[in-house]
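Computed from a prediction, not measured in an experiment: that's the story for all the values here.
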Amino acid sequence: MKTGILKTFLSVVCLILCSNNMLAQVSYTDMTHDFTWEGVTEKLSTIIGTSQDNQIKIIADKNSGQTNPTVNSSGNDVRIYANGTVTIESIGKVAITKVEFTVSNQKRLATMTTDNGLLEYEGLEKVIWSGNATSFSINIPSKVDLGTESGKAAQFCFKTISITYNSGTELEDPKCAFSAESATCTLGEAFSAPNFTTVSDGEITYKSSNPEIATVDNSGNVTAIAAGTTTITASIAATDTYAAGSASYTLIVVDPSILFTESFANGLNGFTSTGELWGTGTYNGTSYAVINAYNKGAQTEMLASPSIDLSEVANATLTFDQAIGYIGNNDPKVDFTLWIKEENSEDWTQLIIPNYPEASGGWSKFVSSGEIALQAYCGKKIQIGFQYKSTDEKQSGWEVTNILVKKAEPATLTISVSDAGYATYFTNQAWVVAENMKAGIVTGVENKNLTIDWKYAAGSVVPANTAVLIQADAKEYVCEVSNSEEEAPANNLLKGSTTAATTEGENCLFYKLSYDNGGKNLGFYWAAENGAAFQNEANKAYLALTTTVAKNVRGFGLEGDGTTGIGQVENGEALVNVYTIDGIIVRKQVKESQALNGLKKGIYIVNGKKVIK
C-alpha cells in the first residue's frame, strides 16, 4: 500500500462504538487532501470544503470581515479571519455531538462564539465544540484576546478536525428550501424575497454573507445596500424531532445608476490594447489591469474599454482605483493618463485625473481617481482609454481597477433675478430655462429701444456661449446644464464673459443692464463715460453696438419685452414714450416732466403709470 493512500485512510476513518449510544468518530488530518474545496482558487468570500468520505461540509465565510478565508496548501490548514464565520455541517443530517479543532496559529486565537452548543478551549492548542445538532457556526471576533498577539486582528486557523456523531439519535430532515435559487433586487425599488419553507418548528434565523451588499432581518426581509452579489441563508435550529438545517439563495443587487463597471476579475474582459504589455493580476483578493515596461525602454500603449452607452443619459461620472509602482522622479500625470472618444471616432481627448497615489519606491496602495465628469459626452456612445508611457531611462508600473461609470444628478447653475424682474446671463455651457422664466437675445435697436427676441421659453435650451436677457419673478433659479451642441445664434448683439473681464468689440459702444440716473427706468445704459469699455461681471451679459448703430445714444429701453419703452437719459432726466389708455403712442422720447405738454385732458400711460391731465 502506498504511503499517501495509507495516510488518507488513517486520517478519515476511526470508528468508536461506545455502549448504547453508538458514537461514531471521524478525524481529518490533512485539510487539502481530505476535502474537496470550492472557491479557494477563485479567492471567493465563501469557500466550501466537502470531505472525501462525503460526511461533512466546512463552510468558511468572510462575513463582514476584510479578508477572504482560505486553505493554506503548505500548512494544510483552514484559515478564517477577523469577523468571519465557519460552519460545520453533517451532510447526512446525523447529529454532531463533539468537534475538536487543532489550532495551527495560536498567536491569533480569540474568544469565539457559536450559534448553538458550547465552545471550550484546551489552552491554545485545541478548540472543542459540544452539543447536539446537524450543523453549527463559530463566529470569529475582530481582535485577539487569547493568543500572544493581543489586540491584533483575530484568526481561527485549524489543521485537523475530529468529529463525533451520535448515530443512534438520527433526526428527521427539516426539508428546508427557498422558492427560488436566485433573485434580483434593484436599489430603491420594493423587493419580495423568495419564500422559505420547512416542516420543522425550530427557530429560524437569517443571514447575509455580505452585509455590505444587503442585510436581512429575522423575518427574511431584505434591505439592499449596494450593487453586488450576496447569499441569503435561512438556518433552522434542531428540535427533538428534526435536525438543524438551512437553505440559501443568491441575491443579485442591481444599481440602476451604474452604466458600466469592470474589476478585471475575469481578465481584460473586452478591453483592448494597442500593444502587448497590458495584462491582469490579482493581489490580496484585488484584481486589476496592469502594465509595466521594465527593461523594455520607451513605450506608449493604450488600454481601451468596450463601448459604453451614454445615449440615454443626461449626466454621468467616471471613477476608478489606481496604484503606481517605481515612479521615481517621473511625473505620473505624464506617464499615466486618461482619454475619451466617441465610439466611431479616431480622435481621443484627454480627461484630467483628479487624484494620483503618492509616489513610493515600490508599489503604492490603490487610491480613488476622484469623480470625473462625463456630461459633455452624454447622449453618445463612448470609449475610455488608459494610456501608459515609459522612457528609455525610466519604466514605471500602473495598475487600474474598479472602473465605474454611473448616472449622476444633472449639473445645475444658479441665476439670480433682481426685484426689477430682469437679469442678464452668460455661460459657456448650454442650459435649460427654468419654469416661469424666459430668455431672449437682442437682435436690433429701433427708436432708442431694443428689439428683443424672446426665443427661449421655459423648458427650452439656451445654447452654450449665448448671452441672454432674462425676464422672471425676483428670486434665485436653479437651471439644469444641458449637453446640447446647438450653436449660439449669430444675430445676437449681447455678449458676455464667464469671468470678470473687460467688454470687447471693435468700434463699439458698450451698455450694461441698469436703471437710469434717476433710478426709475430699466434698460441698457453706458457703464463708462462715452460708452467706453468697462469691467463686465462674471456670467453677466452686456450690449455691444457698433458706433454706426449706437449713434452715440446713451441708453436703450426694453421695448422688445412688450412693456412701455424707456429711452435714454438726458441731463439726468429719463426720456419716455406716452400712451393713451388704449395703448396708442401719442408722444415719443420726451422728458418725463414734459410728458403731457400739448395733450388734451384725459388719462395717459407715462413710464408705465396712469397719469391724469
Q) Is the Lys NZ or Arg CZ of Lys512 less than 6.0 Å from the centre of Phe510's six-membered ring, within 45° of the axis? A) no
Run the ring-centre check on [X] versus [Y] and record whether the distance is less than 6.0 Å.
{"X": "Tyr326", "Y": "Tyr294", "result": "no"}
{"X": "Trp278", "Y": "Phe271", "result": "no"}
{"X": "Phe556", "Y": "Tyr511", "result": "yes"}

Q | Intermediate values then yes/no, ring pair (Phe, Tyr, Trp, His ring centres under 6.0 Å), Trp431 and Tyr425 | A | CA-CA 11 Å; Trp431 56 280; Tyr425 195 75; 5.7 Å; yes
State, yes or no, whether a side-chain contact exists between [X] and [Y] at a heavy-atom distance under 4.5 Å.
{"X": "Trp348", "Y": "Gln387", "answer": "no"}
{"X": "Lys394", "Y": "Asp335", "answer": "no"}
{"X": "Val254", "Y": "Ile252", "answer": "yes"}
{"X": "Leu493", "Y": "Thr451", "answer": "no"}
{"X": "Leu187", "Y": "Pro256", "answer": "yes"}
{"X": "Ile213", "Y": "Ile225", "answer": "no"}
{"X": "Ser273", "Y": "Glu301", "answer": "yes"}
{"X": "Ile441", "Y": "Tyr456", "answer": "yes"}

Would a distance-only check, ignoring hydrogens and angles, find a side-chain to backbone donor-acceptor pair under 3.5 Å from [X] to [Y]?
{"X": "Lys613", "Y": "Leu596", "answer": "yes"}
{"X": "Asn492", "Y": "Val442", "answer": "yes"}
{"X": "Asn447", "Y": "Asn449", "answer": "no"}
{"X": "Ser390", "Y": "Gly297", "answer": "yes"}
{"X": "Asp347", "Y": "Ser345", "answer": "no"}
{"X": "Arg554", "Y": "Trp526", "answer": "no"}
{"X": "Thr230", "Y": "Leu251", "answer": "no"}

**Q.** Test salt bridge (charged side-chain N to carboxylate O under 4.0 Å, His left out) applied to Asp255 - qualifying residues, sequence neighbours left out
**A.** Lys406
Q) What pairs with Glu212 under salt bridge (charged side-chain N to carboxylate O under 4.0 Å, His left out), at least two apart in sequence or on another chain? A)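 Scan of Glu212 (salt bridge (charged side-chain N to carboxylate O under 4.0 Å, His left out), adjacent residues dropped) gives none.
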Specify the closest pair of heavy atoms between [X] and [Y], including all atoms of both residues, with the distance to one decimal.
{"X": "Val405", "Y": "Ala316", "value": "CG1-CB, 4.4 Å"}
{"X": "Gly379", "Y": "Asn483", "value": "N-ND2, 3.9 Å"}
{"X": "Ile232", "Y": "Ser208", "value": "CD1-CB, 3.8 Å"}
{"X": "Gly267", "Y": "Glu262", "value": "O-OE2, 4.4 Å"}
{"X": "Val461", "Y": "Ala430", "value": "CG1-CB, 4.0 Å"}
{"X": "Asp392", "Y": "Ala298", "value": "OD1-N, 3.0 Å"}

Looking at [X], I'd like to know if its [atom1] atom is crowded, meaning that more than 12 non-hydrogen atoms belonging to other residues, nucleotides or ligands lie closer than 6.0 Å.
{"X": "Gln66", "atom1": "CD", "answer": "no"}
{"X": "Ile581", "atom1": "CD1", "answer": "yes"}
{"X": "Asp419", "atom1": "CG", "answer": "no"}

Value rounded to 0.5 Å, distance of [atom1] in [X] from [atom2] in [Y]:
{"X": "Asp473", "Y": "Met437", "atom1": "CG", "atom2": "CE", "answer": "10.0 Å"}
{"X": "Leu374", "Y": "Lys407", "atom1": "CG", "atom2": "NZ", "answer": "14.0 Å"}
{"X": "Ile324", "Y": "Glu399", "atom1": "CD1", "atom2": "CD", "answer": "10.5 Å"}
{"X": "Ser369", "Y": "Leu318", "atom1": "OG", "atom2": "CG", "answer": "6.0 Å"}
{"X": "Gln322", "Y": "Ser364", "atom1": "CD", "atom2": "OG", "answer": "7.5 Å"}
{"X": "Ile452", "Y": "Leu469", "atom1": "CD1", "atom2": "CG", "answer": "5.0 Å"}

Q: Go through the steps to decide whether Glu343 and Ser307 satisfy the test side-chain hydrogen bond (donor to acceptor under 3.5 Å, both in side chains), and finish with yes or no.
A: CA-CA 6 Å; Glu343 182 182 29; Ser307 176; 3.1 Å; yes
Q: Any chance you could lay out the side-chain contact (heavy atoms from CB on, under 4.5 Å) test for Thr424 and Leu494, step after step, and finish with the verdict?
A: CA-CA 9 Å; Thr424 64; Leu494 294 176; 5.8 Å; no
Using distance alone, with no hydrogens and no angle criterion, decide if [X] and [Y] have a side-chain donor and acceptor under 3.5 Å apart.
{"X": "Ser287", "Y": "Thr282", "value": "yes"}
{"X": "Thr414", "Y": "Glu476", "value": "no"}
{"X": "Asn536", "Y": "Ser497", "value": "yes"}

Q | Trace of the side-chain contact (heavy atoms from CB on, under 4.5 Å) decision for Thr229 with Asn210 | A | CA-CA 8 Å; Thr229 301; Asn210 193 343; over 6 Å; no
Q) Are Phe264 and Ile403 close enough, and set up right, to give a side-chain contact (heavy atoms from CB on, under 4.5 Å), and what steps lead you there? A) CA-CA 9 Å; Phe264 300 105; Ile403 300 168; 3.7 Å; yes
(Q) Taking side chain to side chain contact (heavy atoms under 4.5 Å, CB included) as the definition, give me every residue that meets it alongside Ile584, ordered by chain and number, with sequence neighbours left out. (A) Thr580
Side-chain donor-acceptor pairs under 3.5 Å in residues 537-549, sequence neighbours left out?
{"from": "Asn539", "atom 1": "ND2", "to": "Phe426", "atom 2": "O", "distance (Å)": "2.9"}
{"from": "Tyr542", "atom 1": "OH", "to": "Glu504", "atom 2": "N", "distance (Å)": "3.0"}
{"from": "Thr546", "atom 1": "OG1", "to": "Val549", "atom 2": "N", "distance (Å)": "3.4"}

Q: Can you run down the side-chain hydrogen bond (donor to acceptor under 3.5 Å, both in side chains) pairs that involve residues 595-604, sequence neighbours left out, and say none if there aren't any?
A: none
Q. With sequence neighbours left out, which residue pairs that include part of residues 373-382 fulfil the side-chain hydrogen bond (donor to acceptor under 3.5 Å, both in side chains) condition?
A.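 Sorted pair list: Glu342-Lys380, Lys380-Glu485.
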Q: Please name the residue in the list Phe386, Tyr356, Trp398, Phe320 that meets the ring-ring contact (aromatic ring centres under 6.0 Å, His included) test with Phe336.
A: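 Filter result, single survivor: Trp398.
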Q: Evaluate side-chain contact (heavy atoms from CB on, under 4.5 Å) for Leu450 paired with Leu558, printing each intermediate quantity in order.
A: CA-CA 6 Å; Leu450 301 178; Leu558 307 181; 4.1 Å; yes
